[in-house]
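Chain A is the first sequence line, chain B the second, and so forth, proteins listed ahead of strands; every chain is numbered from 1.
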Amino acid sequence: MSDDQSPPSGSPDSAQPLSALPTTYAPSACEQRWYAFWEEHGLFEASGDEADPRPTYTLAIPPPNVTGTLHMGHACRVTFEDVLTRYHRMAGYDALWVPGMDHAGIATQVVVERLLAREGTDRHALGRDAFVERVWKWKAESGGAILKQLRRLGASCDWSREHFTLEPELNRAVREAFVRLHEEGLIYRGPRLVNWDVKTQTVLSNLEVENEERDNGELFDFAYPIDGEDGAGESGEVVVSTTRPETMLGDTAVAIHPDDERYTHLHGKFVRHPFVDRRIPIICDAKLVDPEFGTGVVKVTPAHDPNDFATGKRHGLPEITVFHLDGTMNGEAGEFEGLERFQARKAVKQRLGELGLARGSKKHTLTVPISQRSGTIVEPMISTQWFVKMEPLAKPAIDAVEDGTLQILPKEWEKTYFHWLRNIQDWCISRQLWWGHPIPAWHCGACAHITVSREDPAACESCGADALTQDEDVLDTWFSSGLWPFSTLGWPDETPDLRRYYPTQDMETGYDILFFWVARMVMMGLHFMGEVPFKRVLLAGLVTDEDGKKMSKTKGNVVDPMDVIDGATLEALLAKATAAAPLGKEAQAGKYVRKHYPEGFAEYGTDALRMTLLSYSPQSMRIKLSIKRVEGYRNFANKLWNAARYALMNLEGTGAQATGAPPEEPKALPNRWILARLGKALDAATKGIEDYRLDDASRALYSFVWDEFCDWYLELSKPMLAEGGDAALAQETRATLVHVLEAILRALHPMMPFVTEEIWSRVPKRDALGVHPHDAGKPRSLIFARFPTAAVDAREDAAAEADVATLQAFVSAARTVRAEHDLPRARRIEICWAGDDETKAAVLRREESLVAALAGGALREVPGAQIDAAADHFSHAAVFVTDGLRAAVPDVIDPAKERERLNRELKKLGKELDALEKKLANPKFVERAPAEVVEKSRGDAASLGERKAQLEAALAQL
RNA sequence: AGGCGGAUAGCUCAGUUGGUAGAGCGCCUCCUUUACACGGAGGAUGUCGUCGGUUCGAGCCCGGCUCCGCCUACCA
């Protein structure tokens, strides 16, 4: 079977020779077909075999929310992760990419509640169990959309190991983690001032609160009358400032700075609350009060402000909550009871005015806390919640990065990571939602003891009563995500997968969830597994629109990856943008599309999109997705396709095939050269991938394929393959051509899986090429092919590189002359040349026919003096010079054009020479710079000087 | 307020340990040559934000400034 060139049975149709195919690559013709093939044959599945000797490479996907549809950010993540996975799989690792989804507590609950609202009902009418059942049903119906889209992107996940953060297996892990932390005293429950979302009526963690600057705020001043009832007959007032007048209903103190001499007389005094029957102490607090700010007097509302809460604790102040959970005023608000909080604000101000206590207001910009999910202003409230004590967990996580056990790339992010962990606050993990992991805690109706247990308990562990009710809260979504790298491998059981694949290698994700998720996984992994959950954290920037703005439905600048892949007309894009836009913003939503994509999208294909995303540096925070760039990579895929067509046309019927190794001892210069250059490109690509510089890796391969393989090697191969030529040379060239093409396909496969597999299936090659023994028997596919290396697939050859560089410089210079003189293609020229550098002259002599073919002229070596005095020897000769070589092209010139060209070249050369000479004239440079630098500068100056003289001579002759 | 990042060709961005500035797109000229017009050949385009310092030498190292972005905290 070693000569079998037909595709494996069951693989997509590859019977048609590539040379007979259309000249344009059509991604849609093969992408879905290939993915189905890969998946159907389980080609992405990790071995899971403990006897498999290969090292493992494991990567857990950042599980997308079930609510989501794929956006460009996902596409970016998936592409990076897929390249890493495919690369390692090809490089001889047992690679495992664990896929899955996150149940996304609040996000999902909000979506389903919105559906219910449309049906005219709500979750309370349904009841908890029915509601949860409804969410599961919804998840089953629409939750998988994103998984289908992941496949369109070519994600080579092991679908047999797919997980969902709310599935029963992971619930076991969650319970285990919770109970263990509780046993260790790291989980506690208690009343704290928390972030309350009045709309969804749940508590939020600090991370779920976003701060938004608003300049429409005001600083409102009002007076508290001094209470004279303490017998001293005091009168007067103190004026306080507030941005939230309604909270004064919960004031339980007024604070001044102890050293503020303006208020010394108030020490120990009281003020009278104007609306509720309360006498309020004036307290001294140096921590809370900045005497320079405002009046230097602060109203203290312990129940509704973090600083006031802390102050209240210091002074033992009562904490009076004035809001209901829905944000309306409660009974403590007296006459304002029942008002919504912002109405209450107005009302309080108005009443203060009526009482003559208002003391004016001024504009004030302030940042307001916004709920990430509901968009409402978050209310600080005192509430009893579950917390994780973070400090003991954070320490090992800090150590791991400090001692290098865990690497963060790009390294700049380390500082951010440390800063957050060193100032970490306890994590509020309970949520007043229904969709999520229920907290494994049971309240005893008899003794109020709380039983925390892995299994549902039958009786209270304290008093034995069976009057138990489970805690009504669920856990923060991120609690289960934090366990993801090991819970998906079977933890808490000691499964073979957990043994084999933990710790994972890489965690690739956006920097926006460094705290939310990455840091928590590190803490949880270290705590429960005793080992970091992954060895490297790879952070990428966020994908934005063409203007660098965040993609949002309101702005209408959301680019759907599927549209980029499949193509979309302007009308379709407009329709989608307007449909997604909020009511009333439809017109605005179309603006972006009209401005940037007046012609819609062509069918760019997955590979082009992937290459585009890969080409952005991971160093930058923003990835401004440019559709022009996508187009460029679409063109690249087409270039590759056509290069392959050329190669296969020349291979057809010759018996040449890829063997996984280059020819033993290639003789022809272009063959030696391309193999040497392939080695350089492969080194750069490998280094790029391993260093997480996929931009470097993709650039190296792109420029090798286009600039060297296509632009030079294929052109050089044409004369070598010409009919009636040297048969041995042609054979060697075909062997080189097919090998380099095949190696390119393997190298590019992690980045461009579809077009490479499509072409590769048609490349004549030895069977079982590069397949690891462990994968023997599986259908033939690039998925298992060995990733090419310089050592095996290329041949080092510095001499060939230097010689072709000479040839290229000469050919380019000759082409410039042709172009500048508008010589028609058919016009043959004679190029008279002389060599000053014997090595270079030898190259031209040896490769004369190739140079002649590429430069479009016959070569004739002449004495150097003839070129120096071109006018005397050749009529109307254009003269060009490359390093170590001179040439004249007789009978072609238009003196004016020639003068222009020579002058332009002289100008450029002059600038370079000036800089060099200035440098060399500096004695300190000669003295102190490294010898090789000085030597090089001298050499460069000399050859530049020579060229300049020659150009000037040529110019003078015109 | 503190921290971080950015400022390089018309646009979007690379630039490895300091040693003569790069790519893609766009632009100009020519070319329907048997892989490719999603192409080929050639060409034009930069005070590397600004001021100062270190150095023989700075896009790169150090400091100040300006503008932009992000993050964290907080402003009664």
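Remark: Arg345(A) is not positioned above the aromatic ring of Phe220(A), lacking an NZ or CZ atom under 6.0 angstrom from the ring centre and at most 45 degrees off the axis. A cation-pi arrangement is found for Lys718(A) relative to Tyr646(A), the charged atom lying closer than 6.0 Å to the ring centre and inside a 45° cone about the ring normal.
Between Arg699(A) and Asp695(A), at least one side-chain N (NZ, or NE/NH1/NH2) sits under 4.0 Å from a carboxylate O, which counts as a salt bridge. The existence of a salt bridge linking Lys936(A) and Asp940(A) is confirmed by a sub-4.0 Å separation between a basic side-chain nitrogen and an acidic carboxylate oxygen. The residues Lys349(A) and Glu218(A) are annotated as salt-bridged, a charged nitrogen and a carboxylate oxygen being separated by less than 4.0 angstrom.
Dashed line: the shortest gap from a side-chain N or O of Lys919(A) to OP1 or OP2 of U20(B) is not under 4.0 Å. Contact between the side-chain N/O atoms of Arg904(A) and the OP1/OP2 oxygens of A44(B) is found at a separation under 4.0 Å. For Lys918(A), no side-chain nitrogen or oxygen approaches OP1 or OP2 of U20(B) to under 4.0 Å.
Spacing between atom CG of Leu614(A) and atom P of A14(B) amounts to 15 Å, rounded to whole angstrom units.
Within the nucleic acid shown, Ser617(A) comes within 4.0 Å of sugar-phosphate atoms alone, with no base atom in reach, counting heavy atoms only. Residue Asn307(A) is in sugar-phosphate contact alone, with no base atom involved, counting any heavy-atom pair closer than 4.0 Å across all strands shown. When heavy atoms are screened at a 4.0 angstrom cut-off, Ala915(A) is found touching no nucleic acid atom at all. In this structure, Ser620(A) reaches the sugar-phosphate backbone alone: every heavy-atom distance under 4.0 Å involves primed, P, OP1 or OP2 atoms, never a base.
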Practice item. Going 5' to 3' through nucleotides 35-41 of chain B, assign each nucleotide B (protein heavy atom under 4.0 Å from a base atom), S (under 4.0 Å only from sugar-phosphate atoms) or - (no protein heavy atom that close). Key: BB-BSSS
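The only option from Phe418(A), Tyr511(A), Phe515(A) that meets the ring pair (Phe, Tyr, Trp, His ring centres under 6.0 Å) definition with Trp413(A) turns out to be Tyr511(A).
Put simply, the side chain of Ile256(A) reaches to within 4.5 Å of the side chain of Cys284(A), judged on heavy atoms.
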Practice item. Dot-bracket for RNA chain B, please, read 5' to 3', with Watson-Crick or G-U wobble pairs under 3.5 Å on both distances, ( ) within the strand, [ ] crossing, | other strand, . unpaired. Key: (((((((..((((.....[..)))).(((((.......))))).....(((((..]....))))))))))))....
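Of the N and O atoms on the side chains of Thr816(A) and Arg901(A), not one donor lies less than 3.5 Å from an acceptor on the other residue.
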